[in-house]
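Owing to the predicted nature of the structure, the values given are computational and were not obtained by experimental measurement.
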Amino acid sequence: MMNDSSTTNTILNFNSSQEDPLSPSKLALSISHVDQLIITGIVVNSLSIIGCLFNVFTPFILKRSSNTVTKMVVSLGLMDLIFSGFSLVDLVKTKSNIFCQIMTFGIYFGYGGSLAWTVCFAHGLYTGINRSTPQVTEGNYRNYSKVSIAAALLLGSVSVAIGYNWIDKTAEICWHPIQLVGFDWTDVVISGIPPAIAMGYSLVCYLSVMKHLKELGSRLYMELLLYPAIVIITSVPWIALTLYVDFTHPAAAPFAWQFIANVFINAQGLLNAFAYGLSSKIINGYREICCRRKRSTMPETEEPQDPFTYVASEPGVSESGERPDLSVLEKSLVMGDYVMNHH
């Protein structure tokens, strides 16, 4: 795009491909602001893709993919990957409405599936607390998968059917900008109601089990809680902005608000990666891999330290070299948390 000062102050007219190109602008936004949104979108979506790939491949690297909760994390990562991947490609300049609608379906297929899995995590948290067991059954996982795919197909199809995204004739990109004229019911249907439902259900589940979470102090439960919290953090700025514009009809939507809303909505995959990657089980799992590699590179004359010998030297454990009780081992080993959740 051009960078001279006169072009920077040029106002873009965002017109639907279904409308007369000469119809009045629904939104005024400078080229410099559009440039910032595009560059930021490229950066944030790229980081989210990296985070999603981490979530998808880590369970296989650590050989933990058979756990049902881990399967849920992988499924969520795949939906986030679809959302971020299509969002990134959607920033490419285009004049093709067919390309635009394919991108729109892909974006909201991934977005709808991601929201559905977030609701499933909240449901798993709620039912797990009520059953007093952290296990998510295989039957529950299959049902969650069906719900996620159905929600993804529904939101993706509706977004195309109502023409949610369109091609900006000036910038030649496919998107749905904030509109200052009239009530943007399409934004409410696609970007308002679905995350609001996910947030509402997640909050109800969270509040209903909050007391029990404190009593149990289970790390697994707290990890399940992070995913519903992330959808709240990422969705609130955009929903608030949409409601503000639709009900107050300001002369101009604050660009800083638009910028923040776009950053957060595109960062969902990245934040989910942090939630999963910073858990103690994952950190300890990678630590164990590093330790094995170090032991494999030690000279043959140097014997690697036996973890049971290490435990035996700890206070309260026999120094005879005999294997301690499993409960003692779980508290003593560096990898105790990882072992405890996988024996």
Side-chain angles (χ1 to χ4, degrees), residues 37 40-41 44-45 47-49 51-52 55 72-73 75-88 90 104 106-125 147-148 151-152 154-156 158-159 162 164-165 175-179 183-207 224-248 253-276:
L37 291 178
T40 304
V44 176
N45 280 301
L47 292 175
S48 290
I49 289 173
C52 294
N55 277 6
M72 292 175 66
V73 173
S75 300
L76 174 63
L78 288 173
M79 286 298 180
D80 283 336
L81 183 61
I82 293 173
F83 172 60
S84 297
F86 275 90
S87 296
L88 181 62
D90 189 50
T104 300
I107 290 171
Y108 292 99
F109 178 92
Y111 185 58
S114 179
L115 291 177
W117 275 113
T118 299
V119 170
C120 293
F121 272 107
H123 181 266
L125 173 67
V147 170
S148 175
L154 178 63
L155 193 61
V158 172
S159 66
I162 65 177
Y164 182 67
N165 282 353
W175 62 359
H176 184 93
I178 293 293
Q179 300 179 34
F183 186 88
D184 190 1
W185 65 271
T186 59
D187 203 31
V188 174
V189 171
I190 300 299
S191 296
I193 294 177
I197 292 174
M199 288 188 297
Y201 185 85
S202 299
L203 282 173
V204 169
C205 292
Y206 170 74
L207 294 175
L224 288 175
L225 184 61
L226 286 176
Y227 299 105
I230 287 172
V231 76
I232 294 174
I233 294 172
T234 57
S235 299
V236 164
W238 184 268
I239 294 176
L241 176 60
T242 299
L243 294 176
Y244 168 74
V245 171
D246 283 340
F247 288 102
T248 65
F255 174 70
W257 198 343
Q258 294 185 58
F259 183 86
I260 292 172
N262 276 278
V263 168
F264 274 93
I265 201 71
N266 288 313
Q268 186 166 316
L270 178 62
L271 294 178
N272 282 335
F274 276 115
Y276 182 60

> Can you list the steps and then say if Tyr164 with Ser191 is a side chain to side chain donor-acceptor pair (under 3.5 Å)?
Replying inline: CA-CA 10 Å; Tyr164 182 67; Ser191 296; 2.7 Å; yes
>> What verdict does the side chain to side chain contact (heavy atoms under 4.5 Å, CB included) test give for Ile265 and Tyr111, after you've listed the backbone C-alpha separation in whole Å, the side-chain angles of each residue and the deciding distance to 0.1 Å?
In response: CA-CA 10 Å; Ile265 201 71; Tyr111 185 58; 3.6 Å; yes
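- Of all the heavy atoms in Ser148 and Gly113, the pair that sits closest is OG-O, 3.3 Å.
- In terms of heavy-atom proximity, Ile233 sits nearest to Pro237 at O-CD, 3.3 Å.
- Remark: Asp187 CG to Thr242 OG1 distance equals 4.0 Å, nearest 0.5 Å.
- Of all non-hydrogen atoms in Ser84 and Ile49, the two that sit nearest each other are CB-CG1, 3.7 Å.
- Considering only heavy atoms from C-beta on, Trp117 comes within 4.5 Å of Cys120 through its side chain.
- Atoms CG and CD1, from Leu115 and Ile193 in turn, are 12.5 Å apart once rounded to the nearest 0.5 Å.
- Between the CG atom of Asp80 and the CZ atom of Phe83 there is a distance of 8.0 Å, given to the nearest 0.5 Å.
- Within the 4.5 Å cutoff, the side chain of Ile107 has heavy atoms near those of the Asp90 side chain.
- Residue Tyr201 qualifies as enclosed at atom OH: its count of foreign heavy atoms under 6.0 Å is above 12.
- With a 4.5 Å cut-off on side-chain heavy atoms, Ile190 and His176 do not count as touching.
- The shortest side-chain heavy-atom distance between Ser159 and Asn165 does not fall under the 4.5 Å cut-off.
- Using the six-membered ring where Trp is involved, Phe255 and Phe259 have ring planes that are tilted, between 30° and 60° apart.
- A pairwise comparison of heavy atoms in Ser87 and Asn45 identifies CB-OD1, 3.5 Å as the closest pair.
- Inter-residue side-chain proximity for Cys205 and Phe121 is flagged as unmet; no heavy-atom pair is nearer than 4.5 Å.
- Remark: Ile82 pairs with Met79, Phe86, Phe109 by the side chain to side chain contact (heavy atoms under 4.5 Å, CB included) rule, at least two apart or across chains.
- A 4.5 Å side-chain heavy-atom check between Ile162 and Trp185 finds at least one atom pair inside the cut-off.
- Trp238 and Ala261 make their closest contact through CE3-CB, 3.6 Å (heavy atoms, listed as atom of the first residue, atom of the second, distance).
- One N or O on the side chain of Asp246 and one on the backbone of Asp184 form a donor-acceptor pair closer than 3.5 Å.
- Separating the CG atom in Asn55 from the CZ atom in Phe274 is a distance of 11.0 Å, to the nearest 0.5 Å.
- Applying the side-chain contact (heavy atoms from CB on, under 4.5 Å) test between Cys52 and each of Leu270, Leu81, Leu47, Asn272 identifies Leu81 as the sole match.
- Counting heavy atoms from C-beta on, the side chains of Tyr276 and Leu76 never come closer than 4.5 Å.
- Nearest heavy atom pair, residue Gly192 against residue Ile239, reads O-CD1, 3.9 Å.
- Distance alone, capped at 3.5 Å, is enough to place a donor-acceptor pair between the Ser202 side chain and the Ala198 backbone.
- Between Tyr244 and Pro254, some side-chain heavy-atom pair lies under the 4.5 Å cut-off.
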